[in-house]
Amino acid sequence: MAAEKWVYMVTAQTPTNIAVIKYWGKRDEVRILPVNDSISVTLDPDHLCTVTTVAVSPSFDRDRMWLNGKEISLSGSRYQNCLREIRSRGGDVEDKEKGVKIEKKDWERLNLHIASHNNFPTAAGLASSAAGFACLVFSLAKLMNVEEDPSQLSAIARQGSGSACRSLFGGFVKWKMGSKDDGSDSVAVQLADEKHWDDLVIIIAVVSSRQKETSSTSGMRESVETSLLLQHRAKEVVPKRIVQMEEAIKNRDFASFTQLSCKDSNQFHAVCLDTSPPIFYMNDTSHRIISLVEKWNRSEGTPQVAYTFDAGPNAVLIARNRKVAVQLLQGLLYYFPPKPDTDMKSYVVGDNSILKEAGLDGENSVENLQPPPEIRDNIGSQDQKGEVSYFICTRPGRGPVVLPDQTQALLDPETGLPK
């Protein structure tokens, strides 16, 4: 290893994902091994992502990490497990221009600086830890010249956050629960890439961006210990649904995809209610959104929109195509309008070109919306201002990528400290 003072860095961007067949419950708390398989859709990182810069330098005196600009401790077992696993796989690295020469054995004693930023609320039920740990492992693997493929890396990311393993791929991803005690076969695999079913449009209603009362980790533990429904779900229900969902994705069968997504989301939340003490992740706004989608799907005769909720009140709505997504957004904005004087481009973020298609980019456009005819009754009037913080319009997206542009780095290339 050269003695000069240098800082060697890599910056990467990783997407988040939303499970359509849910992961809830671990059979091994330390290795983070699940009680069932799960399937997710990766969301477009242009709209929802984590960016992480990792740096190594002989001048760093300890491992340090900053999340969204604030220094956090790396002493937790999840961070330590990921760092240990990735360091043990590090390879030789050489950058003659910078005078960098690192041998495999050096990774154990070199210290790291890590800076990570989410472009969406942390711990609000939008799988920020999934994108975060996936990005940590992916960026460190690039920094350390680790040879492993994404599935092998997913087994490391899984030890930081279970669902992180699914963020190492784009498109549609399956996390295989595996059967080995050491977790070596509990890995993610891609079922289809993001171009396979690119008609789909995803609208997320961010009902609350606050941190949730019951964390996923403690919620899962309580469900495993107290819910008989969870045991039935893992053993009898999910194995069949996984096969059906794989088939629905392969055939782009939206009717089956919707039925499975909605049922699985509702059963996951039923498990939460069956837990002692019961866990409430959804709220009245979540329930009203479900009611709105269910009535619309029934009135159309064939499903137009699938819904799924993770461990939080935010609704993830998957429309079968762009035309349906436009109608969906109009209906959502009719029932959940922004507060007065809200800029529509901050109320509908992500791919907000949909506002123009929905005729919602002008003055007073929301006030002029008509109630959707099929759901005029029993949902409530147009008085729910403030129930939804904002909407994100997105789509299925790609997996992790390295960002070569140094201006996107979160650490200073000279000091290795946050910019």
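Residues Asp253 and Glu247 are not in side-chain contact: their nearest non-hydrogen atoms beyond the backbone lie 4.5 Å or more apart. Using a 4.5 Å cut-off on side-chain heavy atoms (C-beta onward), Ile354 and Val326 make contact. A heavy-atom distance below 4.5 Å is not found between the side chains of Glu147 and Arg89. Here the side chains of Leu191 and Met245 are not in contact, with every heavy-atom distance at 4.5 Å or above. Contact of the Cys393 side chain with the His47 side chain is not registered, since no non-hydrogen atoms from C-beta on lie closer than 4.5 Å. Tyr335 has its side chain out of reach of Val388: every pair of non-hydrogen atoms, C-beta onward, lies at least 4.5 Å apart. Under the 4.5 Å side-chain criterion, counting only non-hydrogen atoms from C-beta, Pro418 is in contact with Leu411. Considering only heavy atoms from C-beta on, Asn17 stays 4.5 Å or farther from Phe169 through its side chain.
By the 6.0 Å contact criterion, CG on Asp284 is open, its count of non-hydrogen atoms from other residues, nucleotides or ligands being 12 or less.
Ionic pairing of Glu225 and Arg221 is not present here: no N-O contact between side-chain nitrogen and carboxylate oxygen is shorter than 4.0 angstrom. In this structure, Arg241 does not pair ionically with Asp37, as no charged nitrogen and carboxylate oxygen lie closer than 4.0 Å.
Applying the ring-ring contact (aromatic ring centres under 6.0 Å, His included) test to residues at least two apart or on different chains, the pairs with a partner in residues 9-35 are Tyr23-Trp175, Trp24-Phe268, Trp24-Tyr281.
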Verdict with reasoning, Glu246 to Lys250, per salt bridge (charged side-chain N to carboxylate O under 4.0 Å, His left out): CA-CA 6 Å; Glu246 286 192 54; Lys250 186 174 122 190; over 6 Å; no
Full working for salt bridge (charged side-chain N to carboxylate O under 4.0 Å, His left out) between Arg233 and Asp274: CA-CA 12 Å; Arg233 165 179 165 74; Asp274 189 49; over 6 Å; no
Val173 vs Thr42, side-chain contact (heavy atoms from CB on, under 4.5 Å): CA-CA, chis, key distance, verdict: CA-CA 7 Å; Val173 185; Thr42 299; 3.8 Å; yes
Leu260 vs Val20, side-chain contact (heavy atoms from CB on, under 4.5 Å): CA-CA, chis, key distance, verdict: CA-CA 8 Å; Leu260 290 162; Val20 287; over 6 Å; no
Pair Arg158-Leu33, side-chain contact (heavy atoms from CB on, under 4.5 Å): steps then yes or no: CA-CA 8 Å; Arg158 186 203 74 228; Leu33 303 176; 3.5 Å; yes
Asn145 vs Ile102, side-chain contact (heavy atoms from CB on, under 4.5 Å): CA-CA, chis, key distance, verdict: CA-CA 10 Å; Asn145 196 20; Ile102 303 169; over 6 Å; no
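Here the straight-line distance linking atom CD of Glu294 with atom NE2 of His287 works out to 12.5 Å at 0.5 Å rounding. In this structure, Asp310 CG and Ser163 OG are separated by 7.5 Å, a value rounded to the nearest 0.5 Å. Here Gln408 contributes atom CD and Lys419 contributes atom NZ; the two are 9.0 Å apart, rounded to the nearest 0.5 Å. Rounding to the nearest 0.5 angstrom, the gap separating the CD atom in Gln330 from the CD atom in Gln370 is 10.5 Å. Between Gln406 atom CD and Met9 atom CE the span is 4.5 Å, to the nearest 0.5 Å. If you take CZ on Arg395 and CG on Asp44, they are separated by 4.0 Å, rounding to the nearest 0.5 Å.
Judged by distance alone, the side chain of Ser154 and the main-chain N or O of Ser151 form a donor-acceptor pair under 3.5 Å. For Asn297 (side chain) and Gln304 (main-chain N/O), a donor-acceptor pair under 3.5 Å exists by modelled atom type. Between the side chain of Arg398 and the main chain of Gly170, no donor-acceptor pair closer than 3.5 Å is present. Between the side chain of His113 and the backbone N or O of Ser57, no donor-acceptor pair lies under 3.5 Å. When atom types are taken as modelled, the side chain of Asp63 and the backbone of Leu112 share a donor-acceptor pair closer than 3.5 angstrom. With hydrogens and angles disregarded, no donor-acceptor distance shorter than 3.5 Å links the side chain of Ser218 to the backbone of Thr214. A donor-acceptor pair is defined here as one N or O able to donate and one able to accept, closer than 3.5 Å; such a pair exists between the side chain of Ser139 and the backbone of Leu136. Distance alone, capped at 3.5 Å, is enough to place a donor-acceptor pair between the Trp107 side chain and the Gly91 backbone. Side chain of Arg87 to backbone of Leu110: a donor-acceptor contact under 3.5 angstrom is found. Within the 3.5 Å criterion, the main-chain N or O of Glu236 finds a donor-acceptor partner in the side chain of Lys240.
Residues meeting the ring-ring contact (aromatic ring centres under 6.0 Å, His included) test with Phe309, sequence neighbours left out: none. Scanning for ring-ring contact (aromatic ring centres under 6.0 Å, His included) contacts around Phe280 gives an empty result, with sequence neighbours left out. Evaluation of the side chain to side chain donor-acceptor pair (under 3.5 Å) rule for Asn81 yields Arg84 as partners, not counting sequence neighbours. By the side chain to side chain donor-acceptor pair (under 3.5 Å) test, Asn283 is found to be paired with Ser286, residues two or more places apart in sequence or in another chain being considered. Remark: Tyr79 engages Phe133 in a ring-ring contact (aromatic ring centres under 6.0 Å, His included) (not counting sequence neighbours).
In this structure, Ser167 and Ala130 approach most closely via the heavy-atom pair CB-O, 4.1 Å. Taking all atoms of both residues into account, the shortest heavy-atom contact from Gly178 to Arg27 is O-NH2, 3.2 Å. The shortest heavy-atom contact between Val146 and Leu153 is CG1-CD2, 4.3 Å. For the residue pair Ser129 and Ser161, the shortest heavy atom distance occurs at OG-OG, 3.2 Å. Between Ile318 and Phe254, the closest heavy-atom pair is O-CZ, 3.3 Å. A pairwise comparison of heavy atoms in Gly69 and Trp66 identifies O-CD1, 4.4 Å as the closest pair.
Inspection of the Ser223 and Thr275 side chains reveals an N or O donor paired with an N or O acceptor under 3.5 Å.
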